[in-house]
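What follows is one structure encoded as structure tokens, with my remarks underneath.
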Amino acid sequence: MKLYYAPGACSLAPRIALQEAGLPYEAAQVDLRALTLADGTDFKTINPLGYVPLLELDDGRCLLENAAILQYIADLAPDKQLAPANGSFARYKLQERLNFIATEVHKRFGALFHGASEDLQTEARTQLRALFAWLDGELKNQDYQFGATFTVADGYLFTVLRWASLVKVDLGGLDRLMAFKSRVAARPAVRQAVADDHS
Ligand SMILES: N[C@@H](CCC(=O)N[C@@H](CS)C(=O)NCC(=O)O)C(=O)O
């Protein structure tokens with residue numbers, strides 16, 4: 001498998017999932033400004049939509065979208081319990097959370113990363129603070145979003161939480177979320193994935 005990624009981008013979430021799953025993979029860095037690979041290949045010939053992550057399987061088929069890629073990886077290593085069983089209600093709850101992170105949280109960072117007007121940035125920060133406050137409450141006293149077991153949704157939430165401090169989203173007082181971030185960061189697979197992402 002080959003993961004197309006950009007350092008620090010949301011492609012860190014599938015990298016964490018691959019590492020947690022213990023699956024071998026190749027990583028191909030994409031320059032998101034030039035939309036090229038290190039060898040000059042036009043990334044749009046691989047993903048016409050021009051974004052990461054993209055997971056290329058060994059038979060050449062490609063998968064886009066974090067919510068799909070993360071579940072695909074989890075299903076390749078069922079013994080690691082990175083997602084509840086397919087068809088179970090718990091699996092739908094995981095899908096709900098993956099979509100929530102992708103569409104409500106992740107996408108709202110766009111205004112902060114792509115130089116929107118001050119008003120739009122202020123609005124995005126306010127909205128993100130509210131979403132993170134809700135996630136903080138949902139954590140209750142659990143180690144991870146769905147209890148004691150780490151799932152692919154935790155790697156995704158960790159990935160977007162890393163961005164919050166970069167673009168000054170106020171997470172003050174969200175102690176459960178901060179403890180969650182530190183807990184995830186300390187996992188050996190996550191440490192390795194973060195190191196590889198920036199190497
Ligand atoms: N819908 C996609 C969105 C992925 C996405 O927003 N990727 C960003 C990086 S975090 C990207 O590659 N943006 C292209 C760019 O910045 O030019 C998903 O959920 O996986």
Side-chain angles (χ1 to χ4, degrees), residues 1 3 5 8-23 25 52-55 63-109 127-166 169-197:
M1 278 183 295
L3 176 67
Y5 80 102
C10 55
S11 43
L12 176 62
R15 203 192 251 288
I16 290 171
L18 286 161
Q19 199 71 42
E20 290 278 356
L23 295 167
Y25 69 98
V52 294
L54 180 147
L55 188 69
L63 199 53
L64 285 173
E65 304 300 321
N66 264 304
I69 293 172
L70 291 171
Q71 292 185 72
Y72 179 78
I73 295 168
D75 288 341
L76 288 179
D79 54 311
K80 297 292 192 322
Q81 296 185 299
L82 295 170
N86 263 305
S88 64
F89 187 68
R91 181 59 168 256
Y92 293 111
K93 291 303 282 183
L94 177 95
Q95 290 168 348
E96 175 190 78
R97 188 59 60 85
L98 290 174
N99 279 296
F100 176 80
I101 297 171
T103 61
E104 302 296 335
V105 183
H106 175 174
K107 277 294 139 181
R108 282 208 165 83
F109 277 95
Q127 290 169 333
L128 282 165
R129 161 82 197 186
L131 295 169
F132 282 126
W134 181 79
L135 284 161
D136 181 79
E138 285 296 290
L139 272 171
K140 306 182 183 84
N141 291 321
Q142 306 168 165
D143 279 359
Y144 299 107
Q145 291 176 92
F146 294 102
T149 307
F150 176 92
T151 69
V152 289
D154 295 314
Y156 196 8
L157 177 54
F158 170 75
T159 298
V160 295
L161 272 172
R162 291 177 86 229
W163 300 340
S165 52
L166 289 178
V169 174
D170 175 20
L171 298 182
L174 305 185
D175 298 340
R176 284 170 288 211
L177 208 53
M178 289 300 92
F180 164 86
K181 188 182 173 205
S182 305
R183 190 174 301 119
V184 174
R187 293 177 66 86
V190 174
R191 291 163 75 107
Q192 186 64 55
V194 169
D196 292 346
D197 205 53

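- Note that CG of L82 is 10.0 Å distant from OG1 of T149, once rounded to the nearest 0.5 Å.
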Task: M1 vs L55, side-chain contact (heavy atoms from CB on, under 4.5 Å): CA-CA, chis, key distance, verdict - done: CA-CA 7 Å; M1 278 183 295; L55 188 69; 3.9 Å; yes
- [ ] Take L94 and V152 through the side-chain contact (heavy atoms from CB on, under 4.5 Å) test and state the conclusion after the steps.
- [x] CA-CA 9 Å; L94 177 95; V152 289; 4.2 Å; yes
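- Here the closest heavy-atom approach between residue F180 and residue D143 is recorded as CD1-O, 3.5 Å.
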Open item on the list: E20 vs K80, test: side-chain contact (heavy atoms from CB on, under 4.5 Å). Steps then yes/no.
Closed with: CA-CA 8 Å; E20 290 278 356; K80 297 292 192 322; over 6 Å; no
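- Not one N or O on the side chain of D75 forms a donor-acceptor pair closer than 3.5 Å with the backbone of Y72.
- For E138, the side chain to side chain contact (heavy atoms under 4.5 Å, CB included) test picks out R97, W134, K140, with sequence neighbours left out.
- Residues F132 and V169 approach most closely at CD1-CG1, 4.2 Å, considering heavy atoms.
- Rounding to the nearest 0.5 Å gives a distance of 4.0 Å between CD of Q127 and CZ of R108.
- A donor-acceptor contact shorter than 3.5 Å links the side chain of R129 to the backbone of D170.
- Between the D136 side chain and the R176 main chain, a donor and an acceptor come within less than 3.5 Å of each other.
- Residue F158 comes nearest to K181 through the heavy atom pair CE1-O, 3.6 Å, listed as atom of the first residue, atom of the second, then distance.
- Nearest approach of I73 to A21, heavy atoms of both residues: CG2-CB, 4.1 Å.
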Compile the donor-acceptor pairs under 3.5 Å between side chains in residues 8-17 and protein atoms, sequence neighbours left out, one pair per line.
residue	atom	partner	partner atom	Å
S11	OG	A6	N	3.2
S11	OG	A6	O	3.4
R15	NE	D197	OD1	2.9
R15	NH1	Y25	OH	2.9

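- For the atom pair CD1 of I101 and CG of D154, the computed distance is 8.0 Å after rounding to the nearest 0.5 Å.
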TODO: Decide side-chain contact (heavy atoms from CB on, under 4.5 Å) for Y156 and H106; before the verdict, give the C-alpha distance in whole Å, the side-chain angles of both, and the deciding distance to 0.1 Å.
DONE: CA-CA 9 Å; Y156 196 8; H106 175 174; 2.8 Å; yes
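- Rounding to the nearest 0.5 Å places CZ of R91 at 10.0 Å from OG1 of T151.
- With N99 contributing its side chain and A67 its backbone, the two residues share no donor-acceptor pair below 3.5 Å.
- Heavy atoms only, all atoms of each residue included: L131 and E104 are closest at CD1-O, 3.3 Å.
- In this structure the side chain of L54 never reaches within 4.5 angstrom of the side chain of Y5, judged on heavy atoms.
- The backbone N or O of A68 lies less than 3.5 Å from no partner atom in the side chain of E65, so there is not a single donor-acceptor pair.
- Residue N66 holds its CG atom at 11.0 Å from CD of Q71, rounded to the nearest 0.5 Å.
- Of all the heavy atoms in M178 and L171, the pair that sits closest is CE-CD1, 3.4 Å.
- The structure places CG of L157 at 13.0 Å from CZ of R162, a figure rounded to the nearest 0.5 Å.
- With S88 contributing its side chain and P84 its backbone, the two residues share no donor-acceptor pair below 3.5 Å.
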